[in-house]
Q: 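Questions regarding the structure given below will be posed in turn.
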Amino acid sequence: MMLNSKSTSAPDPLLDPLNPPQRQAVLHAEGPLLILAGAGSGKTRVITHRIAYLVRRGVRPESILAITFTNKAAGEMRRRVEKLLGVEPPWVSTFHSFAARLLRRHLDRVPPYTRDFTIYDEDDSFNLLKSCLEETGVDRGLIPLRSLREEISQIKNRGILEADALPPASDLRSRILRQVYGRYREALEERNAVDFDDLLLLLLKLLETQPDLLERYRRQFRYVLIDEFQDTNRVQYLISHRIAEPHRNLCVTGDPDQSIYSWRGADLQNMLNFEKDYPETAVVKLEQNYRSTGNILETANQVIQFNRQRREKVLWTENGAGEPVEVHCFSSAEEEAREIAELVEELEREGVRGSDIAIFYRTNNLSREIERALVAFNIPYTIVGAIEFYERKEVKDLVAFLRLLVNRRDTESFRRVINLPPRGIGKATLEKLFQAAAQAGVAPLMAALDPALRARAARGRALAGLEAFCSLYQALAGRLDQPVSRLLELLIEQLGYEAYLLSSGLDHLEDRLANLAELVSAAAQYEERQPEGSAGGFLEEISLLAAVDRWEEKRDRVTLMTLHSAKGLEFPVVIIAGLEEGTLPLIRKNTEDRTDREEERRLFYVGVTRAQRQLYLTHARSRLQYGSRFSSSPSSFLKELLSSGPACWLRVDDLTREALAEEEARAGSWDLEWDASGPRRRYSPGGGRTEKDGPEKDGSEKEWAEEDWPDEDPGEDPFPPGCRVYHDTYGEGIVLQASGLGRRRRLTIDFESVGEKRLVLGFARLRRI
DNA sequence: CTTCTGCGTGTTTTT
DNA sequence: CACGCAGAAG
């Protein structure tokens, strides 16, 4: 990794470790700069050294605005600059955190917003949108909420804030969209809340409508750096453009081949058109890779060359070729998971640390099977994302209460906690309360706190419940000056939340109770980091935290994450699972081409280029989904990998080759059973009945214990020629001949159903019969 | 008002 | 399978 550079003049820690293009990028202090940085080309190093270099030249650290993709990356960058300089640049963050920080200072310029606004996450804004839809009386069946939400997000990412600014509605759908969007916008303002898109959009509007603010930040941020520029959306680009326009010190880095967020509004055009807005841009290309072995890089290049919409770029390295990249095929996802666990175990036996191993997959649900296998093998792991801590019910409950304390207009949180624990306030009461609030022109919480108003909305048990809630609320509101962790403790205690959990009949009670403690300790950690912090600051931090940000690399723990989360990271050993057509590339049914194969390929590329020393690609022939088993073919990406003929950098399982050949043969045939429904077919073992997930598996799994598979041990031959065997897919057969030893032993078997096949012992699930 | 049951449906990916 | 939702009983 470290470059060996012996400079003749005095050693310079900022420039010496850099190669010529890297150095050029660092030295280009003034004027627009576009750094096309291939994977593993030392981009982060260039950015940190550039920041350090600017500071050394006399630029004040607070004049530098650096935007990264995750908070984790931001933290790392700050630390690295600190190491080089002894100074931490204060403005290194994600776009969203940066926006939140500025809005926290100025959003009261856009009434009715105040600086105590709440940030709504996906879930909150989804719920809010749902009630907006109900209010407007639009038939729910007309447009799925999901797509409505998506479209609204797209609108915002295009920079449109007011519903009136939408093009006049022509069809029913856009009329509804316009109407609901308008209502949603209003509802957010009433609640003093912003969603993720608003953070960016409102900041842009603030810069566009408040000349003094624009001026101020233009003067402050004399140098702007944007990392992962290929994944910025229009609004993000405009924010940086507004700030950098006069002084033109805008440095962007990115790799078009790693653009994987177009579904979130990321716009490659930002990168491709950069030179239009900044014609005097200097372009630096970083193509030397320091991260991976030659073989891994070869694989990466082979993958990405199949994309048509790209600028030619070939990564190269001086690193050795290393081990070949391995492709493995398994009969089922369960087996895939088990074999991955076994592989991890073996690697660890060889001395690889668990934390040096990462397992990637396309969708979160693929982690389950793998997790199960790792647990069975007693291998410690951490999983990034999936069931997020801050999305758990018990955590959300408490956070909602906290939010309501900070922002009384946060009606979504109010809804969540008003009857928690149950105190007899139901839909009807709530409805009346909302009406009373609307009439009085106040937020529902304020109506509840007003004795006259609440008496109008409820009586009897419900009224008593409201009163109980209000006295609790007021007691806690009086304690807002306390540290957040203390406030949370009080909250848990006074709500009687533990007792409520225990009597709620929810499952995983110990976990939930432990989560309460973890939340309190997260707050305590926040206080330690931010002694000046407030409840509002804590809330902001947790709502802008990404899954990876919460991930702490723990020694000896294998890491599991989605390919998206893997962006920007690197691991000595990488395993990418589920390389199956339909899964990676992911293909959604009933949606034509909404998924972009090129973006899927880039995603695969991102995964491949995370690997430093070893890369394993696995796929399974069948997978459980929705409770029944579906068969799956190898990913077309694997086919592409193999298309260049025999390659020394790739070691491919015979079963994969067979599967690909089968797929090819099938393509032209009219085999109804296999061909009817596209890439995903119900699994039919031996070509017969549909197999429902049955209990018979348990019995057979035991027989595949690892001790049956001597590794490179010539001992006795478990499958001598002439013996009869059973195979999960092919059924019964007779071993004709065998060669090789241990797990790599190859068998030629004559199956009754499909004829002769060659299989690799270590990966074929064979049973002697 | 709360809780239970049965039915239908199927979420990429994440700030 | 597993979750959310609608509808009915208590």
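Hydrogens, waters and symmetry mates are skipped; everything else that's a heavy atom, side chains included, is used. Just so it is clear: chains get the letters A, B, ... in the order the sequence lines come, proteins before strands, and each one is counted from 1.
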Q: Contact list please: residues 417-427 of chain A against DNA chain B, heavy atoms, distance less than 4.0 Å, in numerical order.
A: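 A:Asn419, A:Gly424, A:Ile425, A:Gly426, A:Lys427 - these, ordered by number, are the residues of the stretch whose heavy atoms sit under 4.0 Å from the strand.
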Q: Is A:Arg104 close enough and on-axis enough to A:Phe117, meaning under 6.0 Å and within 45°, for cation-pi?
A: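 Here A:Arg104 passes the 6.0 Å and 45° test against A:Phe117.
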Q: So, OP1 or OP2 of C:dA2: does either fall under 4.0 Å of a side-chain N or O from A:Asn365?
A: no
Q: Nearest whole Å is fine: how far is B:dC1 P from A:Lys432 NZ?
A: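 These atoms are roughly 8 Å apart.
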Q: With heavy atoms under 4.0 Å as the rule, sort A:Thr429 into base, sugar-phosphate or nothing.
A: sugar-phosphate
Q: B:dT15, B:dT14, B:dT12: which one has an atom nearest the side-chain heavy atoms of A:Phe196?
A: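 When the side chain of A:Phe196 is considered, B:dT15 is the closest of B:dT15, B:dT14, B:dT12.
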Q: Can A:Trp263 be said to stack with the base of B:dT12, given centres closer than 5.5 angstrom and planes under 30 degrees apart?
A: no
Q: Starting at atom CG of A:Leu204, determine the distance to atom P of B:dT15, rounded to an integer number of angstrom.
A: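 These atoms are roughly 22 Å apart.
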Q: Would you say that A:Leu199 contacts A:Leu544 through its side chain, given a criterion of any heavy-atom pair below 4.5 Å between the two side chains?
A: yes
Q: On DNA chain B, compare the nucleotides closest to A:Arg264 and A:Arg461; which residue's is nearer the 5' end?
A: A:Arg461
Q: I'd like the C1' distance from C:dA2 over to B:dT11, given in whole Å.
A: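 Roughly 13 Å separates the two C1' atoms.
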Q: Using a cut-off of 4.0 Å on non-hydrogen atoms, how would the nucleic acid contact of A:Tyr261 be classed: base, sugar-phosphate, or nothing?
A: sugar-phosphate
Q: Nearest whole angstrom, please: distance from the P of B:dT12 to the CD1 of A:Ile260.
A: 16 Å
Q: Could you say whether A:Ser543 or A:Ala462 is positioned toward the 5' end of DNA chain B, judged by the nucleotide with the nearest heavy atom to each?
A: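 Final value for this comparison: A:Ala462.
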Q: The criterion is side chain to side chain contact (heavy atoms under 4.5 Å, CB included); which residues satisfy it with A:Lys393, sequence neighbours excluded?
A: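 Scan of A:Lys393 (side chain to side chain contact (heavy atoms under 4.5 Å, CB included), adjacent residues dropped) gives A:Asp397, A:Arg416, A:Leu420, A:Tyr497, A:Tyr500, A:Leu506, A:Arg512.
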Q: With no hydrogens and no angle check, do the side chains of A:Ser636 and A:Arg597 hold a donor and an acceptor under 3.5 Å apart?
A: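 Yes, side-chain donor-acceptor contact under 3.5 Å.
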Q: Find the distance A:Asp195:CG to B:dT15:P and express it as a whole number of Å.
A: 15 Å
Q: Can you tell me how far P of B:dT15 sits from CG of A:Asp198, to the nearest Å?
A: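 After rounding, the gap between these two atoms is 17 Å.
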Q: At less than 4.0 Å, is any side-chain N or O atom of A:Thr562 found next to OP1 or OP2 of B:dT12? Yes or no.
A: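 Negative; the distance criterion is not met.
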Q: Does atom CZ (A:Arg459) have a neighbourhood of more than 12 heavy atoms from anything else shown, all under 6.0 Å?
A: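 Atom CZ in A:Arg459 is not packed in, count stays at 12 or less.
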Q: Separation of A:Arg372 atom CZ from C:dC1 atom C1', in whole Å?
A: 10 Å
Q: In whole angstrom, what separates A:Ile119's CD1 from B:dT14's C1'?
A: 15 Å
Q: Please report the shortest heavy-atom distance between A:Arg454 and A:Ala448, naming the atom on each side.
A: NH1-O, 2.9 Å
Q: Does A:Ser628 make a side-chain N or O approach to OP1 or OP2 of C:dC1 shorter than 4.0 Å?
A: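 So the side chain of A:Ser628 is outside the cut-off, no N or O lying under 4.0 Å from OP1 or OP2 of C:dC1.
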Q: Which value, in whole Å, describes the distance between the C1' atoms of nucleotides C:dC5 and B:dT12?
A: 23 Å
Q: According to a strict under-4.0 Å criterion, is A:Arg149 in side-chain N/O contact with OP1 or OP2 of B:dT14?
A: no
Q: Can you tell whether the side chains of A:Arg368 and A:Glu371 come within less than 4.0 Å, N to carboxylate O?
A: no
Q: What's the closest nucleotide to the side chain of A:Ala428 if the choices are B:dC1, B:dT15, B:dT14?
A: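 The nucleotide sitting nearest to the side chain is B:dC1.
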Q: Are the aromatic rings of A:Phe306 and A:Phe604 close, with centres under 6.0 Å apart?
A: no
Q: A:Arg362 has an atom CZ; how far is it from atom P of B:dT11, in whole Å?
A: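 Value for this atom pair: 13 Å.
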